[in-house]
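Below is one structure, written out as structure tokens; comments come after it.
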Amino acid sequence: MTPSLRFKDKCVVVTGAAQGIGRGTAARFAGEGADVLMLDLSEAVEEAAETVAAQHPAGSALGVRADVTSADDVARAFDLADRTRGGVDVLVNNAGVITISPLEDLSLDAWQKVLAVNTTGTFLCAQAAAASMRRHGRGGRILNAASGQARQGFIYTPHYAASKFGVVGLTQSLAKELAKDRITVNAYCPGIVGSDMWDYNDRAWGRLLGDYEPGELMAEWVAGIPLGRAGTDDDVANLLLFLASEEAAYITGQTINVDGGMFMN
């Protein structure tokens, strides 16, 4: 079967792309012909992009070190997209962080960091992407990472829940404002996906919720997923590629779960 090249000559920016869902999503877009800019605070993004480019010659990948909470870093990254890729067509706002602690131990620094990355970073990148999309006049797609905690806040993570509820509100507001420019804006809510973040979640929640050994809490939660398994990077990327495609041109302002049925709405 011949691979689809539905994103040939499209510029796709993926944040938080050094590993996990971000890296997997970048690889999938490159495999379908896109020119991908992979943004991440970690220097590992450069090696990740080299690997993606080598494995997916139908497209291209370039790793760019950038802090999504820095307006200057974001401006430089999107200026690079404009100068070298002719403007942005798709933004995947994947970058995110979490910490887990009881309220009395939750520091202001931890609160501010989670809000800065998850909500302010999403805003800054969406703002820069929308400006690029308006300049080149081809329309575009903005896809924002929310969470099951954008549906229902969970214990010991009020800052994370607040940040993800914020992403949903931002998504809906931007969808209304940018519709006239043929720019759709949607959010996605991944469930449990094997990653360093979920390894941390398992350990941190496991300590606070009971005497769990590493892996036991996640196994218990996965057992409660209607489809009977944790998600994968590809499960999330499948949704993102659809939402970025022409087939999804009439979908905007939505928040879509991709979690095996953990949350239903």
Practice item. Just do the side-chain contact (heavy atoms from CB on, under 4.5 Å) check on Asn118 and Val97 with the steps written out, would you? Key: CA-CA 7 Å; Asn118 297 356; Val97 296; 3.9 Å; yes

Using atom types as modelled and distance alone, determine if a side-chain donor or acceptor of [X] lies under 3.5 Å from a backbone N or O of [Y].
| X | Y | result |
| --- | --- | --- |
| Asn186 | Ile251 | yes |
| Asn257 | Phe263 | yes |
| Asn238 | Asp234 | yes |
| Asp202 | Gly215 | yes |
| Trp205 | Ile155 | yes |
| Asp259 | Gly261 | yes |
| Ser132 | Val88 | yes |
| Asp89 | Cys11 | yes |
| Lys164 | Ala145 | yes |
| Thr252 | Val185 | yes |

What distance separates [X] [atom1] from [Y] [atom2], expressed to the nearest 0.5 Å?
| X | Y | atom1 | atom2 | answer |
| --- | --- | --- | --- | --- |
| Phe29 | Ser60 | CZ | OG | 13.5 Å |
| Arg135 | Phe78 | CZ | CZ | 10.5 Å |
| Asp73 | Cys125 | CG | SG | 10.0 Å |
| Leu208 | Ser101 | CG | OG | 8.0 Å |
| Lys113 | Thr120 | NZ | OG1 | 14.0 Å |
| Met262 | Gln152 | CE | CD | 10.0 Å |

Point to revise | Pair Phe154 + Trp221: ring centers closer than 6.0 Å | key: yes

Side-chain heavy atoms of [X] within contact of [Y], under 4.5 Å:
| X | Y | value |
| --- | --- | --- |
| Gln112 | Leu108 | yes |
| Ile142 | Val92 | no |
| Asn201 | Ile100 | yes |
| Pro190 | Ile21 | yes |
| Arg203 | Leu217 | no |
| Val36 | Phe7 | no |
| Met218 | Trp198 | yes |
| His159 | Leu115 | yes |

Review point. Out of Arg6, Lys10, His56, which one pairs with Glu32 under the side-chain hydrogen bond (donor to acceptor under 3.5 Å, both in side chains) rule?
Key: Arg6

Nearest heavy-atom pair of [X] and [Y]: which atoms, and what distance?
| X | Y | result |
| --- | --- | --- |
| Asp233 | Gly194 | OD1-O, 4.5 Å |
| Leu39 | Ala66 | CG-CB, 4.2 Å |
| Ala54 | Pro57 | O-CD, 3.9 Å |
| Leu239 | Tyr188 | CD2-CB, 3.9 Å |
| Leu174 | Ala126 | CD1-CB, 3.8 Å |
| Gln149 | Ala161 | OE1-CB, 3.5 Å |

Whether the [X] and [Y] side chains hold a donor-acceptor pair (N or O, under 3.5 Å, no angle test) is what I'd like checked.
| X | Y | result |
| --- | --- | --- |
| Asn144 | Thr122 | no |
| Ser195 | Gln19 | no |
| Asn94 | Thr15 | no |

Are [X] and [Y] grouped together when hydrophobic residues (ILVMFWY) are joined by side-chain heavy atoms under 4.5 angstrom apart?
| X | Y | value |
| --- | --- | --- |
| Tyr200 | Leu106 | no |
| Leu143 | Val167 | no |
| Leu91 | Leu243 | no |
| Val68 | Tyr160 | yes |
| Met197 | Val193 | no |

**Study point:** More than 12 heavy atoms of other groups within 6.0 Å of Asn265 CG
**Key:** yes

Check your understanding: How far apart are the C-alpha atoms of Ile183 and Arg141, what are their side-chain angles, what is the distance that settles it, and do they pass the side-chain contact (heavy atoms from CB on, under 4.5 Å) test?
Key -> CA-CA 6 Å; Ile183 300 169; Arg141 305 280 188 267; over 6 Å; no

Point to revise | Evaluation steps, salt bridge (Lys or Arg N to Asp or Glu O under 4.0 Å), between Asp40 and Arg65 | key: CA-CA 5 Å; Asp40 203 286; Arg65 291 193 66 185; over 6 Å; no

Exercise for review: Under the side-chain contact (heavy atoms from CB on, under 4.5 Å) rule, what do Glu220 and Glu216 come out as? Steps first, then yes or no, please.
Suggested key: CA-CA 6 Å; Glu220 184 177 302; Glu216 288 183 347; over 6 Å; no

Review point. So does Asp235 pair up with Arg229, basic N to acidic O under 4.0 Å?
Key: yes

Review point. Between Asp79 and Arg76, is there a side-chain N and carboxylate O pair less than 4.0 Å apart?
Key: no

Practice item. Report the C-alpha distance between Val74 and Asp67 in whole Å, list the side-chain angles of each, state the deciding distance to 0.1 Å, and finish with yes or no for side-chain contact (heavy atoms from CB on, under 4.5 Å). Key: CA-CA 7 Å; Val74 170; Asp67 180 351; over 6 Å; no

